[in-house]
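The next block holds one structure in the form of structure tokens; read it before the comments.
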Amino acid sequence: MGPRALAEESGLPADDPACTALVHFAREAPHAARGHGDPGAVLDRAFDLLDSGWRELGR
């Protein structure tokens, strides 16, 4: 999913910088997990952080 699709799905403007940032961070998460002893845990934590932060953005 790209930033515009995320923005559309979220009811935000197509050029919302938070959508661009969220998509960027999500795409980079696998890179953070490389070489880690438990890459699944890294991805879980990364997406938990993104999910929590994203929910707070709408408040």
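Just so you know, these numbers come straight off a predicted model, no measurement behind them.
Legend: residues meeting side-chain contact (heavy atoms from CB on, under 4.5 Å) with Asp15, ordered by chain and number and at least two apart, are Pro13. Taking His24 as the reference, nothing meets the side chain to side chain donor-acceptor pair (under 3.5 Å) condition, with sequence neighbours excluded.
Considering CG of Asp51 and CG of Asp44, their distance stands at 11.5 Å, rounded to 0.5 Å. We find the CZ-OG1 distance between Arg4 and Thr20 to be 8.5 Å, quoted to the nearest 0.5 Å. One finds the CG atom of Leu50 at 12.0 Å from the CZ atom of Arg45 (value rounded to the nearest 0.5 Å).
Closest heavy-atom contact between Val23 and Gly2: CG2-C, 3.8 Å. The two residues Ala7 and Ala14 come nearest to each other via the heavy atoms CB-CA, 3.9 Å. Minimum heavy-atom separation, Pro3 to Cys19: O-CB, 3.7 Å.
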May I have the list of side-chain donor-acceptor pairs in residues 25-32 shorter than 3.5 Å, sequence neighbours left out?
from  : atom 1 : to    : atom 2 : distance (Å)
Arg27 : NH2    : Met1  : O      : 3.4
His31 : ND1    : Arg34 : NH1    : 2.8

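Under the 4.5 Å side-chain heavy-atom criterion for grouping Ile, Leu, Val, Met, Phe, Trp and Tyr, Leu49 is not connected to Val42 through any hydrophobic cluster.
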